[in-house]
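Below: the structure, in structure tokens.
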Amino acid sequence: MENFVKSLIHEYGSGKSMGVSQKDKRRPHYFLLRNFLGDIDLLSIFNTKRCRYQCYFCQLPQKNSKEFIETEAILEQFSFVLSEVRHAIDIIDRITLSNEGSILDETTFPREALKEIFRGIRVMRHVEKVVLETRLEFININFLSELQDTAPNSKIIILTGFETLNETIRSEVLGKKETIHDFLLGLDKVSQLNLPITAYILYKPSPLLSDQDAYDEADSSIDFLIKECGERNVPLSIRLNPMYAAKGSKWADLASRSTIYKPPKITDIITLAEKKLAFGVPIYIGLSTEGLDSLEGNYTFREDFSRDLYKRI
């Protein structure tokens with residue numbers, strides 16, 4: 001029976017595109033119950049105050065409010081999600097919490113709301129993992145220790161964007177406002193907490209990169225993370241995301257003005273992922289364009305793309 005239920009809920013979500021803004025402060029932007037790498041994962045993207053950063057490649061903050069959304073409304077959002085998936089509560093293995101920014105940034109997501117959510121997770125008997133999406137600068141050792149103690153049977157995993165090892169691309173093309181040094185300081189805190197990390201790598205983070213340069217850059221970025229996490233005994237998995245041109249972003253504008261820009265080749269991404277898997281690196285490919293991509297600004301417009309590649313991925 002459990003396997004039958006799992007087959008039914010591969011993608012049970014909010015019925016909205018991920019890129020559509022939610023105006024009701026008592027409802028989340030998006031939620032999805034999915035079969036994710038063998039786990040039954042409940043993804044909740046909360047409707048909160050927008051991310052304080054305006055990275056050049058990202059349009060997700062534009063969906064969010066400029067005003068702070070209080071704890072009560074955020075808890076109503078999570079209650080709504082749980083009520084919508086109540087038929088599957090007992091088989092959820094993992095919960096992923098996001099707000100299109102950093103869920104540990106208390107200026108956008110109140111700490112008391114997160115504490116209360118963890119109190120709720122504690123009584124969900126089968127939840128073994130709770131994924132928190134955040135920039136590493138917002139990691140507070142005492143607060144995360146408190147959260148872990150609140151739901152001791154659910155291991156916290158940090159999900160964060162690393163994007164690229166190239167400092168020039170990070171600063172001038174992505175507008176990341178996080179140096180490699182800053183990232184490593186945050187990674188030190190993750191190490192102290194003995195938490196695993198999943199890091200996003202953007203494949204072809206600059207529209208000015210050739211296909212070969214994009215491959216080499218992603219290869220180097222992954223190797224860097226493997227080395228740094230290994231030295232700190234931080235368990236690492238990689239999410240390799242083919243870069244897309246988000247409508248209205250500075251990144252998309254740069255791509256549109258370039259005479260050499262082409263979206264990533266999905267076959268190159270698969271080749272790199274298989275290479276890293278062969279060396280024992282946990283890695284998966286994130287194909288979502290979050291409902292925000294511009295015309296001909298993603299991997300599906302390259303000559304190598306075919307629907308059959310989804311199966312291989």
| Taking the side chain from Arg170 and the backbone from Glu178, do they hold a donor-acceptor pair closer than 3.5 Å? | yes
| Below 4.5 Å, heavy atoms only, C-beta onward: do Leu165 and Leu225 meet side chain to side chain? | no
| message | Ring of Tyr200, cation from Arg239 - is the NZ or CZ under 6.0 Å from the centre and inside 45° of the axis? | response | no
| remark: Output for pair (His29 NE2, Asn47 CG), nearest 0.5 Å, gives 4.0 Å
| Under 6.0 Å from the CD atom of Glu67, do we count more than 12 heavy atoms belonging to anything else shown? | no
| query | Is Ile283 reachable from Phe36 through a run of I, L, V, M, F, W or Y residues, each pair having side-chain heavy atoms under 4.5 Å apart? | reply | no
| Is Asp253 salt-bridged to Arg257, cutoff N-O under 4.0 Å? | yes
| Shortest non-hydrogen contact from Gly186 to Ile139? | O-CD1, 4.4 Å
| message | To the closest 0.5 Å, what do you measure between CD1 (Ile285) and CD1 (Ile238)? | response | 12.5 Å
| salt bridge (charged side-chain N to carboxylate O under 4.0 Å, His left out) contacts touching residues 181-190 (sequence neighbours left out) | Asp188-Arg232
| Distance from Leu208 atom CG to Ile169 atom CD1, nearest 0.5 Å? | 8.5 Å
| task | Show your reasoning for whether side chain to side chain contact (heavy atoms under 4.5 Å, CB included) applies to Leu309 and Ile270. | result | CA-CA 9 Å; Leu309 288 175; Ile270 293 172; 3.9 Å; yes
| If you count the non-hydrogen atoms of other residues, nucleotides and ligands that lie under 6.0 Å from NZ in Lys250, is the total more than 12? | no
| said: When you compare the side chains of Ser306 and Asp308, does any donor N or O come within less than 3.5 Å of an acceptor on the partner? | reply: no
| said: Rounded to the nearest 0.5 Å, what separates atom CD in Glu116 from atom CD1 in Ile121? | reply: 11.0 Å
| query | Taking atom types as modelled, is there a side-chain donor on Thr48 or Thr108 under 3.5 Å from an acceptor on the other? | reply | no
| field | Salt bridge Asp24-Arg26, side-chain N to carboxylate O under 4.0 Å | value | yes
| note | Only one of Arg52, Arg111, Arg135 passes salt bridge (charged side-chain N to carboxylate O under 4.0 Å, His left out) with Asp105, and that residue is Arg52
| message | Could you walk me through whether Ile74 and Phe109 satisfy the side chain to side chain contact (heavy atoms under 4.5 Å, CB included) test, starting with their C-alpha distance in whole Å, then the side-chain angles of each, then the deciding distance to 0.1 Å, before giving a yes or no? | response | CA-CA 8 Å; Ile74 289 174; Phe109 200 102; 3.6 Å; yes
| message | With rounding to the nearest 0.5 angstrom, report the CG to CG distance, Leu287 to Leu240. | response | 10.0 Å
| message | I'd like to check Tyr203 versus Asn241 (side-chain heavy atoms, cut-off strictly below 4.5 Å). Are they in contact? | response | no
| query | Do Tyr215 and Leu209 have side chains that get closer than 4.5 Å, going by heavy atoms? | reply | no
| Test applied, side chain to side chain contact (heavy atoms under 4.5 Å, CB included); reference residue, Thr160; option that passes from Val190, Leu136, Thr198 | Leu136
| message | Strictly distance-based, threshold 3.5 Å: is any side-chain N or O of Ser191 a donor or acceptor partner for the main-chain N or O of Leu187? | response | no
| Do any N or O atoms from the side chain of Gln148 and from the backbone of Ser154 form a donor-acceptor pair under 3.5 angstrom? | yes
| Contacts of Ser221 that satisfy side chain to side chain donor-acceptor pair (under 3.5 Å) - sequence neighbours left out | Glu217
| task | Please report the C-alpha distance between Asp223 and Lys276 in whole Å, then the side-chain angles of each, then the deciding distance to 0.1 Å, and finally whether the side chain to side chain contact (heavy atoms under 4.5 Å, CB included) criterion is met. | result | CA-CA 9 Å; Asp223 287 346; Lys276 297 305 180 184; 2.6 Å; yes
| field | Minimum heavy-atom distance between Ala252 and Ala245, given as atom pair plus value | value | CB-CB, 3.9 Å
| Can you tell if the side chain of Ser145 reaches within under 4.5 Å of the side chain of Ile141, non-hydrogen atoms only? | yes
| Sequence neighbours excluded - ring-ring contact (aromatic ring centres under 6.0 Å, His included) pairs with any residue from residues 125-160 | none
| Tell me, do Glu133 and Asn99 make a side-chain contact under 4.5 Å, heavy atoms counted? | no
| said: Tell me whether the count of non-hydrogen atoms from other residues, nucleotides or ligands lying under 6.0 Å of NZ in Lys262 goes above 12. | reply: no
| field | Residues Leu82, Ile89; criterion side chain to side chain contact (heavy atoms under 4.5 Å, CB included); working and verdict | value | CA-CA 8 Å; Leu82 293 181; Ile89 288 291; 3.9 Å; yes
| So, the side chain of Ser44 versus the backbone of Phe46: is there a donor-acceptor pair under 3.5 Å, distance only? | no
| query | Any chance the side chains of Thr164 and Asn166 put a donor and an acceptor closer than 3.5 Å? | reply | no
| Any chain of hydrophobic side-chain contacts (each under 4.5 Å) joining Met124 to Ile157? | no
| field | Side-chain touch Ile197/Leu159, heavy atoms, less than 4.5 angstrom | value | no
| query | Looking at side-chain heavy atoms only, is the closest gap between Pro282 and Leu236 below 4.5 Å? | reply | no
| field | Flag, side chain of Asp211 to backbone of Lys265, donor-acceptor distance under 3.5 Å | value | no
| remark: So the salt bridge (charged side-chain N to carboxylate O under 4.0 Å, His left out) pairs with at least one residue in residues 143-168 (sequence neighbours excluded) are Lys115-Glu146, Glu163-Lys176
| query | Under a 4.0 Å N-O cut-off, is there an ion pair linking Lys49 with Glu100? | reply | no
| Minimum side-chain heavy-atom gap Leu195-Val234 below 4.5 Å | no
| If you look only at pairs with a residue in residues 150-196, which of them pass as a ring-ring contact (aromatic ring centres under 6.0 Å, His included), with sequence neighbours excluded? | Phe162-Phe183, Phe162-Phe224
| field | Non-hydrogen atoms of Pro205 and Leu174 that approach each other most closely | value | O-CD2, 3.4 Å
| Do the charged groups of Lys204 and Asp213 touch, with an N to O distance under 4.0 Å? | no
| query | Between Cys51 and Gly101, which heavy-atom pair has the shortest distance, and what is it? | reply | CB-CA, 4.0 Å
| request: Indicate, with yes or no, if Val131 and Tyr30 share a hydrophobic cluster defined by side-chain heavy-atom contacts under 4.5 Å among Ile, Leu, Val, Met, Phe, Trp and Tyr. | output: no
| request: For residues 35-45, pull every pair meeting salt bridge (charged side-chain N to carboxylate O under 4.0 Å, His left out), keeping only residues two or more places apart or in separate chains. | output: Arg34-Asp41, Asp39-Lys129, Asp41-Arg94
| Common cluster, Val85/Phe80, ILVMFWY with side-chain heavy-atom separation under 4.5 Å | yes
| Over all atoms of both residues, closest heavy-atom pair of Leu75 and Ala113 | CD2-O, 3.6 Å
| request: Would you confirm whether the ring centroid of Tyr244 sits within less than 6.0 angstrom of the ring centroid of Trp251? | output: no
| remark: Tightest non-hydrogen contact, residues Asn35 and Gly38, listed as OD1-N, 3.6 Å
| field | Pairwise distance CD1(Ile158) to CG(Leu104) - rounded to 0.5 angstrom | value | 5.5 Å
| field | Leu184 backbone acceptor or donor facing Glu228 side chain under 3.5 Å | value | no
